[in-house]
Amino acid sequence: MQDGHGERDVQDALLDYINARYAPEDSLLRDVLETARAEGLPSIQVSPALGKLLALLIHISGARRVLEIGTLAGYSTLWMGRAIPQAGSLISLEVEPRHANIARRFIAQAGLDDRVEVRLGPALETLQLLTDELQFDMAFIDADKENYPRYLDWALRLVRPGGLIVADNVLRGGDVLEAGATDASTKATQTYNDRVAADPRLEAIVLFTRNGTGGVDGVSVARVSDDVSVAAEQYYRE
Ligand code: SAH
Ligand code: DHB
Ligand code: MG
């Protein structure tokens, strides 16, 4: 470490190093961020590195049908939408009309409106309308933290065996370490992590990330078991 550089400076510089080499943004992705800022949306989208990880997970797993909960301006939506095949589909759920409209504009600009769709409404309501549709290969949970355990329940119903359940912000600047936490978002995130870790149907890990303000956070990556005995055991327990 160089003189005069704290640990945080080095981490910031290393993140820039990773993003610049491994996850460069094109003009459209930069335009999304600029528009979101100009329109006063919170700057809480995934980092370029996490956007790239989501794209990479889609390519590695061969995911064709993806579900996103929490669109914002469509930044993560574009990273994932660009990674799915033309015959694939991405459904992103968003409660704020203003956010959804900005995202839709960029989805069209990216030429992805044949495969990417933003559905407006509280996710717990729009999720209920998805049960008749085909199963998903991957779900990305990134909306209101209080509902993460409920979103996990939905993801377990909607994602096929062998599919992925990914969730942003599962470490929350270290808040999850707090025993006896009273904050609803913190408690729900703790429940999410404990359940994912303990569920015999899931094989999972958390990777460290940094949020927009430089705080430490994490992304949870879980694979739903395609072991029929695990699936059957679950079936008979329910
Ligand atoms: N995935 C985005 C960031 C999402 S921020 C990206 O990385 O680019 C969280 C989003 O979830 C916000 O746009 C917020 O309006 C939305 N949200 C919050 N509560 C919600 C709910 N109950 N249903 C659907 N969306 C919700
Ligand atoms: C924050 C960051 C996020 O990625 C998110 O989805 C919600 C909130 C935050 O830093 O406050
Ligand atoms: Mg997030």
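Counting starts at 1 for both ligands and their atoms, in listed order.
No side-chain heavy atom of Arg115 sits under 4.5 Å from any side-chain heavy atom of Pro85. Residues Leu29 and Trp79 are in side-chain contact: their nearest non-hydrogen atoms beyond the backbone lie under 4.5 Å apart. Counting heavy atoms from C-beta outward, Leu127 and Arg150 have side chains that stay 4.5 Å or more apart.
At least one N/O-N/O distance between Glu94 and ligand 1 falls below 3.5 Å. The distance criterion of under 3.5 Å between nitrogen or oxygen atoms is not met by Phe140 with respect to ligand 1.
When all heavy atoms of Leu50 and Asp168 are compared, the closest pair comes out as CD2-OD1, 3.5 Å.
Closer than 4.0 angstrom to ligand 2 sit non-hydrogen atoms from Ile44, Asp142, Lys145, Asp168, Asn169, Asn211.
Taking 2.8 Å as the criterion, Asp168 counts as a coordinating residue of the Mg ion (ligand 3), since one of its N, O or S atoms falls below it. Inclusion of Asn169 in the first shell of the Mg ion (ligand 3) is supported: an N, O or S atom falls under 2.8 Å.
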- Would you sort out whether Glu68 and Ser76 count as a side-chain hydrogen bond (donor to acceptor under 3.5 Å, both in side chains), showing the intermediate values? CA-CA 9 Å; Glu68 175 174 63; Ser76 55; 2.5 Å; yes
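Using 4.0 Å as the threshold, Gly51 has no heavy atom nearer than that to any atom of ligand 1.
Ligand 1 places these atoms under 4.0 Å from at least one heavy atom of Glu68: 1 (N). Against a heavy-atom cut-off of under 4.0 Å, Gln45 is close to the following atoms of ligand 1: 6 (C), 7 (O), 8 (O). Per-residue contacts place Val46 under 4.0 angstrom from the following atoms of ligand 1 (heavy atoms of the residue considered): 6 (C), 7 (O). The ligand atoms of ligand 1 that sit less than 4.0 angstrom from a heavy atom of Pro122 are 23 (N). Close approach to Gly121 involves these atoms of ligand 1, each under 4.0 Å from a residue heavy atom: 23 (N), 24 (C). Of all the atoms in ligand 1, the ones that sit under 4.0 Å from a non-hydrogen atom of Ala123 are 21 (C), 22 (N), 23 (N), 24 (C). Listed by number with element, the atoms of ligand 1 under 4.0 angstrom from any heavy atom of Ala143 are 11 (O), 17 (N), 26 (C). Close contacts between ligand 1 and Ile44 involve ligand atoms 5 (S) [criterion: under 4.0 Å to a heavy atom].
Closest protein heavy atom to atom 9 (C) of ligand 1: Asp142 O, 3.2 Å. At the top of the distance list for atom 2 (C) of ligand 1, counting protein heavy atoms only, stands Ser76 OG, 3.3 Å.
One N or O on the side chain of Asn193 and one on the backbone of Val170 form a donor-acceptor pair closer than 3.5 Å. Checked by atom type and distance alone, the side chain of Gln190 pairs as donor or acceptor with a backbone atom of Glu178 at under 3.5 Å. For the pair Arg104 (side chain) and Val118 (backbone), a donor-acceptor distance under 3.5 Å is present. Distance alone, capped at 3.5 Å, is enough to place a donor-acceptor pair between the Glu94 side chain and the Leu72 backbone. For the pair Arg21 (side chain) and Tyr17 (backbone), a donor-acceptor distance under 3.5 Å is present.
The proximity of Tyr151 to ligand 1, defined as any non-hydrogen pair under 4.0 Å, is limited to the side chain. When non-hydrogen atoms are compared, ligand 1 lies under 4.0 Å from the side chain of His99 (C-beta onward) but not from its backbone. Residue Asp168 does not touch ligand 1, judged by heavy-atom distances below 4.0 Å.
Between Asp175 and Lys145, none of the side-chain N atoms (NZ, or NE/NH1/NH2) sits under 4.0 Å from a carboxylate O, so this pair counts as no salt bridge. Ion pairing between Asp153 and Arg195 holds under the 4.0 Å rule for side-chain N and carboxylate O.
Screening Asp12, Asp217, Asp16 for a salt bridge (Lys or Arg N to Asp or Glu O under 4.0 Å) involving Arg210 leaves a single residue, Asp12. Of the residues listed (Asp142, Val166, Leu164), the one engaging Leu54 in a side chain to side chain contact (heavy atoms under 4.5 Å, CB included) is Val166, and it is the only one.
Hydrophobic clustering, with ILVMFWY side chains joined whenever heavy atoms are under 4.5 angstrom apart, keeps Phe140 apart from Leu202.
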